[in-house]
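Reminder, nothing fancy here: chain letters follow the sequence lines and each chain counts from 1.
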Amino acid sequence: MLEVADLIVRYGPVTAVDGVSLTVPDGPFGFGLVGESGSGKTTLGRALVRLVPAAAGTVAYDGQDVLRARGEALRRYRRAVQIVFQDPDSTLDPRMRVGAAVAEGLNAHRIVARDQVRARVASLLQEVGLEPEFAQRLPHQLSGGQRQRVAIARALAVQPALIVLDEPTSALDVTVQARVLALIGELREQRSLSYLLISHNLAVVEQLCERTAVLYLGQVVEEGETALLLGTPAHPYTQALRAAVPDLETGLPTPAPRPQPVDAGGDHAPDDDGAARLHRDHPGGCPFHPRCPLAVDRCRSERPPLREVAGRRVACHRAEEALASPTVAVGSDTAD
Amino acid sequence: MTAVGIGAGRARGVLRRLGHELARNPTLTVGAVVLAIVVVVAIFAPLLAPDPTDAGNATHPLSVLQAPSSAHPFGTDELGRDLLTRVMYGGRTSLQIVVEVLAIAAAIGIPLGLIAGYFGGAVDQVIMRVTDIFLAFPALLLSLAIASVFTPSVGHMILAIAVTWWPWYTRLVRGEAASVVRRPYVESSRTLGVSHARIVARHVLPNAATPVLVQISMDAGGVLLVSAAISFLGLGAQDPTPEWGLMVSQGASYFSTQWWYATFPGIAILITAMAFNLIGDGLRERLDPKRVLSR
Amino acid sequence: MTLEVRNLRVSFGQRTVVAIDALDLGDGEILGLVGESGSGKSITSLSIIGLARSLGATVSGSIKLDGRELTTLGEREWRELRGDRIAMIFQAPISSLNPVMRVGDVFVRALRLHGASRAQARDRARRAMEEVVLSPQLLARYPHQLSGGQAQRVAIAMAVALRARVLLADEPTSALDVTVQAEILSLIGRMRLEEGISVLFVSHDLAVVAGLCDRVAIMRAGQIVESGATAATLRAPATEYGRELIAAVPRLGDAHA
């Protein structure tokens, strides 16, 4: 069980993760982390595997602090929690053969005896749907989907209990994506894994995760059972996200009526693009208020706490109203 | 098929591949061939040279400063020594210098660069500031200054040059290492719990090595010229050691009347330095990642 | 017919990457060109606007814009045509904007290249920005000061200001957040309604295409394997690959977690 409490991660002056708390239970379990660029979801994933330092807050695995662990405790954590990255092209060392890449974790922790390594690598490759012969290949001889499978095998080698999957299929073709997602589902059952699935794609998260948290500008704005969240979203941002997903059957959601451009005042950084967003000082109060159709004065000054509303946790002062009459149009970035 | 047939077939195959290589990368091939000739001559100097003793202490007062002839194709020097022999043996000295300087510089520079690039932070700062101090001096002057402190000899000269050469490799490797360290596959190895040493050895070094290898091959010509210059100024090789730069220096005073003395060693320097440069250029072309991808 | 493509063959050396027998784009129509990576969809759009050759491709066949043959045009003729009749927007709009010029200057320069005076150009730029619902004040910014969505709107505004009849859109929303994507798609839809622009929309995302496009053509390995009215094609694909592609799209609403 992974418990994150009030985690804050900063990149210089920018707060990428701004007080996030969530709990990922033991497996089999899928926890989705949804957000767009600038939400901090990737940073959060990286902080959980200690690739970036946390400024404040705690992360505990099975009750033990993770962020300050050293030596043996750190080694144990590294085996327990693993990560798979988004980009299949840079996720494997181009000069290392597949077999050696998968064996790296095995060797680092001496999980099996030296003469057993080859056999174990072969079985790991088969587990992710690759023939053992792939061990001899170099990454550039593999397709994107195959490389992602190798990355998963690499992570599985150390027998983790939890895997952080950072947009594992976003860079893959849709047919390949479907297969890799199916693989993740199978592995979850076979190994009783839990995973934190980071994605901007609501459909993927719905398919694989029991619970989901929605992030906006580094804060959790809504969290709860996935079906509930996506079926009846309470936070205006979740609603906007849900409404913006184009659907194969019905086509686009009805576009908002043509908004009037507001005169641009002052010199703000654009806010619909994550990188740009990170450079802006956080607006006080609710992070979403500049774009929220329900925003009132209280939203500008008071950061809404996460509270129980209709079976899930929402960080919105007006969650009940939002739930009652869902909004679709959000203020856009046309003039900021 | 007979054994001869198979052998001939193989030989043809090799020749075809060489031809391919030549067509694809004439620069590299020409440079490599010329260098190969120089190396072979240097290695087999004791067998090929007409008067091996002339490379050492022998003197022949009767054949002083003779023009090139069938007996002495490169002429003789002021001690009557056969210059062809001395030029051939000079190749040994020069190649030894180039190899040792580059080996020492690489042995110091590359690990420092890897450590600086991999760990970053304070470690990086300290290493790079020390590197910067060395780089602030013009290399040739610095090596001259260092060489002048010690009794002139080939060995001391090698050290003097190596000491001024390593910082370039550190800087080069550090840049590459710093970029490799950020790549997802290195991050993934860290999260797997792989030790720093293994990551540097198995991931950072191989991926950061290419530019350094190219640089080293391109530097060979430079080292050769620097060592020739230092010997020319009297601070490196000393007589009777045959060294091309020294010979040019010794021949300089006779140049107007006995042109051959300084000329042949000079040509040897020119050809060898050019061969190194061609190899460096050719290697850089060959190892260019864009070319590799399009194959 | 606005755009008529016949027997288009595009190859890099020995490798043929596009082999399209027929592709049509009608007046005021939005056609979706869908495929996975390597299907040749991007190269097809680049060939239509005459940029494939500069990438080293060999292009043969016929591409007619309102009856005028494009494959034989020289560079000077292309310069007049691009922007004026046919425009293209890309996945990363910022990379097609000059980073050292203010956006407004790029805009004005493009308009003046096609014959407007400076005053006319400024005026048209301003009006085009309003069309795409962007404050004209953004024209004073440099490209890196714009968000992805804003930059894409600027690119569309330029196409509108230049009065292009045909817009080639190569994955214009793939790099954008889904909320911004919805707005851009809506904008493109409106441009078609209000200005009558025809759009060739290249995308790997079937769902995006579903909402926006009247017709869809599915590409695979350089060929069009299936095409037809969007709703009908997506509901009942005729080919095995079409079925496979559509089945693979993760859908909201059929959870089995």
Practice problem: Side-chain contact test, heavy atoms from C-beta onward, threshold under 4.5 Å: evaluate it for C:Pro250 versus A:Glu206 and give yes or no. | Solution: no

Self-check item: A:Asp173 CG to C:His204 NE2 distance, which is reported to the nearest 0.5 Å
Solution: 8.5 Å

Exercise. Would you indicate whether A:Arg191, at its atom CZ, is surrounded by more than 12 heavy atoms from other residues, nucleotides or ligands within a distance under 6.0 Å?
Key: yes

Practice problem: Looking only at non-hydrogen atoms, find the nearest pair between A:Ala203 and C:Arg251 and report the distance. | Solution: CB-C, 3.6 Å

Quiz item: Is it the case that more than 12 heavy atoms not belonging to A:Glu225 sit under 6.0 Å from its CD atom?
Solution: no

Quiz prompt | Nearest heavy-atom neighbours spanning A:Leu248 and C:Val249 | solution = CD2-CB, 4.1 Å

Quiz prompt | C:Thr179 side chain reached by A:Arg291 side chain, heavy atoms, under 4.5 Å | solution = yes

Quiz item: Do C:Val180 and A:Glu36 have side chains that get closer than 4.5 Å, going by heavy atoms?
Solution: no

Quiz prompt | chain C contact via A:Leu230 - side chain, backbone, both or neither, heavy atoms under 4.5 Å | solution = side chain

Self-check item: Which atoms of C:Leu187 approach chain A - backbone, side chain, both or neither, heavy atom under 4.5 Å
Solution: neither

Quiz item: Would one find more than 12 heavy atoms of other residues, nucleotides or ligands at under 6.0 Å from atom CD of C:Glu240?
Solution: no

Practice problem: Measure distances from C:Leu245 to the heavy atoms of chain A and classify the residue's part below 4.5 Å as side chain, backbone, both or neither. | Solution: both

